[in-house]
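What follows is one structure encoded as structure tokens, with my remarks underneath.
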Amino acid sequence: FVHGYTLPEHWAERPTETEAIAKRVRANADRILILTAIGGTGKSALTRKLLDELPKYGIALDGALWFSFYVEPEFDRFLVEACRYLIAGFNPQDHPSPYDKSLLLREALQTGHYLVVLDGIEVLLESDKERPDYGTFRDRALRDFLEGIREQSESQVLISSRFPLMDLADESGVYTLELNDLAPDAADALFASYGVKGLQAEREAIYARFGTHALTLQLLGDFLTRYHDGQPHGVADIQPFLPQSPQGVRLQAVLDGYWQTLEPDERFFLTRLAAFRGGVDDRSLLVLNKTGNAFDPAFRQMVDRLLQSPLVTVERRGRHARLTAHPLIKTFFYERMGDSERTLAHRTLKDYAQGLPLPDRPRTLEDYEPLIEACHHCLQVGLYTEAYQIYRRNNMDNSLRWWGHYTQEQGAACAVVVQLLHQFSRNFDKVGA
């Protein structure tokens with residue numbers, strides 16, 4: 001696990017879908033397996049559960065690797081980690097081009113039956129439905145890598161995506177499973193695990209109103225037990241919406257019900273958490289507390305309460321744990337801040353990130369993370385010149401190239417650098433010659 005995924009304490013079993021994917025892995029006939037569904041349906045959880053249950057289905061792999069593009073949306077970064085995992089003595093400095101690494105990785109995958117999980121690949125797809133290239137890969141190297149995998153005969157790639165992968169549509173060796181909302185009995189089991197009470201008819205009325213979208217029901221189950229002793233009538237506290245409203249509107253209504261009930265300190269914590277580029281490690285907790293004291297017992301108790309809810313989750317990168325939230329939840333809380341509050345939050349987080357210590361000789365992207373975080377906050381409030389100065393003053397471009405984190409097509413692997421260059425091109429009048 002390059003990025004650890006922790007299964008939620010309460011989640012809905014999907015034995016039919018899990019078995020369907022497991023059979024495909026065991027048969028090892030399809031080279032690429034794709035799970036598609038809207039956000040919050042449970043794609044990552046299903047895939048994670050599948051890995052736990054491989055022995056149950058009689059599957060013995062030579063190895064498996066999990067990479068989350070939600071955490072690090074960089075194809076070159078995936079290549080580096082996958083090559084390190086499969087190729088003894090691999091040194092990214094010797095192979096700066098993604099095409100070189102891609103070829104090495106495909107050759108390594110031919111040596112056995114490996115399963116490579118690419119979670120959240122939609123962040124690397126064209127997401128504008130109005131564009132003719134909607135659902136296609138922005139990175140040619142990624143498209144070529146998957147095309148090469150499709151023509152091989154040993155290992156498999158399991159992909160989760162919110163959007164269809166148009167580059168692989170109707171291609172041989174590709175199996176796609178569309179993940180639907182929960183069946184009523186699975187929804188009931190999920191509610192029961194939270195301790196939701198009431199009559200069957202009352203729960204069915206909730207499903208008719210809110211649907212059986214997994215994340216929506218997880219939030220509802222927690223909301224009802226946390227604030228209404230598990231009684232279904234607690235949904236009356238959630239603002240009404242039109243019956244034909246899309247699932248996103250229903251999810252937002254549930255989150256707004258939380259917002260109306262959360263304490264001010266909880267609101268502050270969740271909105272600032274949402275402003276971070278990625279997860280928040282233990283040393284950064286102090287900026288999520290209004291008082292700036294990360295060791296205040298009351299603050300720690302509040303964090304523990306939030307961790308017991310679906311609002312906050314834990315992600316792991318190697319041995320390091322970070323606090324984060326589902327992207328849909330982060331978006332909701334980020335948008336709850338007004339413009340001035342959001343600007344102040346990014347400036348505060350930028351100053352904090354710049355003050356974090358760096359190794360004397362940074363060697364990895366993780367070493368540079370405080371500066372990448374600082375650049376991110378600069379970009380969010382239009383401080384393009386300052387972001388550029390941070391980047392150049394710390395010689396990040398040469399260092400990132402030297403350590404093998406280099407994307408041939410864009411000139412740098414770090415996503416914030418690519419974003420920076422795009423912002424410069426769009427806002428050159430703000431920057432000046």
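Along the sequence shown, residues are numbered consecutively beginning with 1.
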With sequence neighbours left out, the residues meeting ring-ring contact (aromatic ring centres under 6.0 Å, His included) with Phe163 are Tyr134

For atom CZ of Arg106, is the number of surrounding heavy atoms from other residues, nucleotides or ligands below 6.0 Å larger than 12?
yes

Using the side-chain contact (heavy atoms from CB on, under 4.5 Å) rule, take Val116 and Phe78 through it: C-alpha gap first, then chi angles, then the decisive distance, then the call.
CA-CA 10 Å; Val116 177; Phe78 155 72; 3.6 Å; yes

Would you mind listing every salt bridge (charged side-chain N to carboxylate O under 4.0 Å, His left out) that reaches into residues 371-382, with sequence neighbours excluded?
none

After noting the C-alpha distance and the side-chain angles of Glu53 and Lys49, does the key distance pass the salt bridge (Lys or Arg N to Asp or Glu O under 4.0 Å) rule?
CA-CA 6 Å; Glu53 295 185 348; Lys49 186 68 172 177; 3.7 Å; yes

Which distance, rounded to the nearest 0.5 Å, do you find between the CD of Glu17 and the CD1 of Ile21?
9.5 Å

Filter on salt bridge (charged side-chain N to carboxylate O under 4.0 Å, His left out), then keep only pairs touching residues 247-257, sequence neighbours left out; what's left?
none

What residues form a ring-ring contact (aromatic ring centres under 6.0 Å, His included) with Tyr352, not counting sequence neighbours?
none

Return the set of residues passing ring-ring contact (aromatic ring centres under 6.0 Å, His included) with His10 (not counting sequence neighbours), or none when no residue passes.
Tyr194

Assess, by modelled atom type and distance only, whether the side chains of Ser309 and Arg305 contain a donor and an acceptor separated by less than 3.5 Å.
no

Show your reasoning for whether side-chain hydrogen bond (donor to acceptor under 3.5 Å, both in side chains) applies to Asp281 and Ser284.
CA-CA 6 Å; Asp281 58 20; Ser284 301; 2.9 Å; yes

Can you classify the ring geometry of Phe223 versus Tyr258 as parallel (below 30°), tilted (30 to 60°) or perpendicular (above 60°)?
perpendicular

Can you say whether the rings of Phe67 and His3 are parallel (under 30°), tilted (30 to 60°) or perpendicular (over 60°)?
perpendicular

Residues forming a ring-ring contact (aromatic ring centres under 6.0 Å, His included) with Phe210, sequence neighbours excluded
Phe241

Run the ring-centre check on His326 versus Tyr70 and record whether the distance is less than 6.0 Å.
no

